[in-house]
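Written below as structure tokens is the structure these notes are about.
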There are 2 protein chains.
Amino acid sequence: MTSIDDVAHASGVSIATVSRALRGLPNVSEATRQRIQGIAEELGYVASSSASGLASGRTLAMGVVAPSVSRWFYTTVIEGIDSALRDANYDMILYNLASRGGDRERVFHRSILRKRTDALIAVGMDFTAAEREQLLSLGHPTIMIGGPVRGIRHIGIEERGVAQEATEYLISLGHRDIAHIGGDDDEGLNRQVPLGRRRGFLDAMQAAGISTRDDWMMSGGFSLTVSRAVINELFDRPGPRPTAIFANSDEMAIGAMLAAMDHGVSIPGDLSVIGIDNHDLSESFGLTTMAQDPYEQGSLGARILLDDLTGGPLSRKTSVRATARLLRRRSTAPPQR
Amino acid sequence: MTSIDDVAHASGVSIATVSRALRGLPNVSEATRQRIQGIAEELGYVASSSASGLASGRTLAMGVVAPSVSRWFYTTVIEGIDSALRDANYDMILYNLASRGGDRERVFHRSILRKRTDALIAVGMDFTAAEREQLLSLGHPTIMIGGPVRGIRHIGIEERGVAQEATEYLISLGHRDIAHIGGDDDEGLNRQVPLGRRRGFLDAMQAAGISTRDDWMMSGGFSLTVSRAVINELFDRPGPRPTAIFANSDEMAIGAMLAAMDHGVSIPGDLSVIGIDNHDLSESFGLTTMAQDPYEQGSLGARILLDDLTGGPLSRKTSVRATARLLRRRSTAPPQR
DNA sequence: GTGAAAGCGCTAACAT
DNA sequence: ATGTTAGCGCTTTCAC
């Protein structure tokens with residue numbers, strides 16, 4: 001591999017000048033810079049990140065911890081982060097850290113704390129007290145996306161309020177028989193998200209003086225397939241059916257819509273459905289939802305950290321509340337009477 | 001940050017012994033090792049990856065290049081890679097490199113070639129001749145997953161044969177009016193995949209003496225939504241409808257199934273559908289498919305590279321053909337006459 | 001505007 | 001079994 005020495009020799013200058021020239025630092029004459037760049041290119045020289053990381057103390061890499069890369073929310077956040085990092089010429093180290101147990105502890109130690117990154121962005125994760133402490137002692141900028149964690153800056157929607165707004169919309173249409181699809185996200189472990197949304201649902205119901213039914217508080221595992229099965233099972237039960245469903249995510253809402261199809265229940269005639277997210281598939285299904293923008297959340301999170309590192313405009317920015325707005329589509333309507 | 005010196009001082013040994021002890025090398029007495037490990041833990045010492053990377057020449061990181069992280073295939077491969085890397089204590093650097101253009105060239109240069117990784121695994125990508133050359137000159141182990149690229153080792157199913165088998169199955173059920181959903185994958189750019197599958201479809205049709213119709217060769221963009229729209233449009237057309245559809249991916253096949261629902265076309269009564277993949281959703285939809293296992297492909301790819309690096313059993317392994325097998329479910333049946 | 005030299009924090013020979 | 005020492009390939013003072 002060609003090293004900086006090779007370039008220096010070939011250009012007849014010192015390695016210091018090569019270093020400056022290639023990084024665009026001042027105090028190098030334009031002529032020399034051009035020449036050095038040409039020669040470096042010719043030789044196929046690329047600086048070693050280990051060496052410059054060691055010498056400068058900056059790795060030009062950002063760590064991203066996520067409990068899953070297959071779920072839409074995480075994936076979309078990651079894409080947003082990626083776009084911001086690319087603009088800054090930063091690389092992304094992806095730590096796919098499952099909830100608890102297993103090698104979580106090991107990965108945390110051997111990898112995350114290994115000074116391979118300049119900053120860390122956590123997506124949809126809870127941290128234990130010990131982990132939080134280690135992160136802080138690591139001393140590099142950290143932010144959390146999706147679900148607040150005590151003591152760590154975060155970006156996310158106001159879970160409870162958003163859920164409340166979704167439920168209120170159903171109520172405003174005239175629904176009173178409303179089921180809720182919640183449930184934990186096995187992979188991620190930020191339990192604050194489903195809990196907050198559930199609270200929001202209950203808030204709205206209570207404020208409207210509508211009683212909830214325990215057997216209509218379903219658990220959909222944040223998955224289309226599970227939700228579909230659960231709602232199919234609900235439709236199989238004797239007795240009254242809900243006229244509306246509020247699901248904690250669009251994927252689960254779509255699962256409910258498919259279950260309705262499975263049972264010949266028409267939407268929105270017999271059943272209204274609302275979700276949270278604005279998933280890629282939602283438009284095609286005509287799903288009404290509280291739309292949020294995880295791509296932007298990810299991108300913003302990365303930009304904040306980058307600015308922390310370089311003293312940019314967003315530097316030292318505190319937690320930010322992301323927005324979610326009601327997106328009316330075809331899956332909601334007043335109940336048929 | 002505590003460095004190896006701190007640990008050495010605190011333990012009263014040399015830094016060399018600390019290094020050995022912590023890495024589990026021989027020639028350290030069990031007693032000293034225990035003691036050093038305890039002290040290191042206490043001090044919160046974690047080796048700097050830049051420093052050890054520079055000194056040892058190994059970064060303990062693997063690069064993964066993928067054109068998308070949101071598509072099921074890529075995501076699943078990445079999860080497979082991740083599991084193998086975790087076992088080996090390797091980190092993953094994710095390069096989300098869109099097809100061509102944009103900053104592809106820049107990312108390629110400034111990041112991938114920056115010696116941040118020990119090996120590189122590319123998922124569903126084509127490379128230009130120049131890129132291939134640069135990769136080779138980089139000199140570290142490389143493998144490609146999903147779609148062959150000249151001159152680079154790869155892992156993948158035999159696209160053409162698998163598509164042929166899927167089509168033959170429809171034919172064996174008695175279908176003759178078969179549509180094909182193909183089309184390029186915008187994000188990835190390995191055009192060999194859709195081309196191979198299309199060829200396989202045509203092979204089977206031709207071998208059975210069935211003529212194909214150009215207006216039944218659809219383009220579904222490897223996306224559920226696009227495919228659904230395209231098939232809805234097909235059903236809107238006057239004239240005969242196909243009795244079966246072979247789609248290049250399960251996502252597109254499911255899109256077709258939803259379009260059938262949209263049009264009141266019953267499956268498999270009026271229409272049989274077969275895909276390729278065995279996507280997470282496929283079981284729930286009862287979709288017959290040529291099941292492949294991208295998780296395993298990713299994991300195997302990573303293990304091969306890891307073994308290349310360490311001289312393990314899979315070292316220097318050549319390209320491997322992944323398997324895909326017919327998985328019969330409810331979406332296929334003989335045509336109604 | 002450019003060069004010399006001192007590290008950055010480790011690993012790997014080579015001693016002992 | 002442990003210590004000494006010479007780098008790894010850069011960045012960054014400090015001179016000039």
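Proteins come first, then strands; the chains are lettered A, B, ... in the order of their sequence lines, and each starts at number 1.
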Rounded to whole Å, please give me the gap between [atom1] in [X] and [atom2] in [N].
X	N	atom1	atom2	value
B:Leu22	D:dT2	CG	C1'	15 Å
A:Ile36	C:dG1	CD1	P	13 Å
A:Leu54	C:dG7	CG	P	14 Å
B:Glu30	D:dA1	CD	P	11 Å
A:Asp6	D:dC10	CG	C1'	13 Å
A:Ile4	D:dC8	CD1	P	14 Å
A:His9	D:dC10	NE2	P	13 Å
A:Asp5	D:dC10	CG	P	7 Å

Can you tell me if [X] touches the phosphate of [N], counting only side-chain N or O atoms and a distance under 4.0 Å to OP1 or OP2?
X	N	result
A:Ser14	C:dT2	no
B:Ser56	C:dT11	no
A:Thr32	C:dT2	yes
A:Thr17	C:dG3	yes
A:Arg23	D:dT12	yes

Nearest to the side chain of [X] - [options]?
X	options	result
B:Ala55	C:dT2, C:dT11, D:dC10	C:dT11
B:Ser29	D:dC10, C:dG3, D:dA1	D:dA1
A:Asn27	D:dC10, C:dG1, D:dT2	C:dG1
A:Ala16	C:dA4, D:dC8, C:dC8	C:dA4

Any side-chain heavy-atom pair of A:His140 and A:Asp118 under 4.5 Å: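 No, their side chains stay 4.5 Å or more apart.
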
Residue closer to the 5' end of DNA chain C, B:Ser48 versus B:Arg20 (nearest nucleotide):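 Here B:Ser48 is the residue nearer the 5' end.
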
Under 3.5 Å donor-acceptor, B:Lys115 side chain and B:Gly57 backbone: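 It does not hold such a pair.
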
A:Lys317 with A:Asp307: basic N within carboxylate O range, under 4.0 Å: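 Answer for the salt bridge query: no.
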
DNA chain D: 5'-proximal contact among B:Gly12 and B:Ala51 (nearest heavy atom):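 By nearest-heavy-atom nucleotide position, the 5'-most residue is B:Gly12.
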
Side-chain donor-acceptor contact under 3.5 Å, B:Gln34 with B:Glu30: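 Indeed, the side chains of B:Gln34 and B:Glu30 share at least one donor-acceptor pair under 3.5 Å.
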
Nearest-0.5 Å distance that lies between atom CD in B:Gln297 and atom CZ in B:Arg321: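 One finds 12.5 Å between CD of B:Gln297 and CZ of B:Arg321.
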
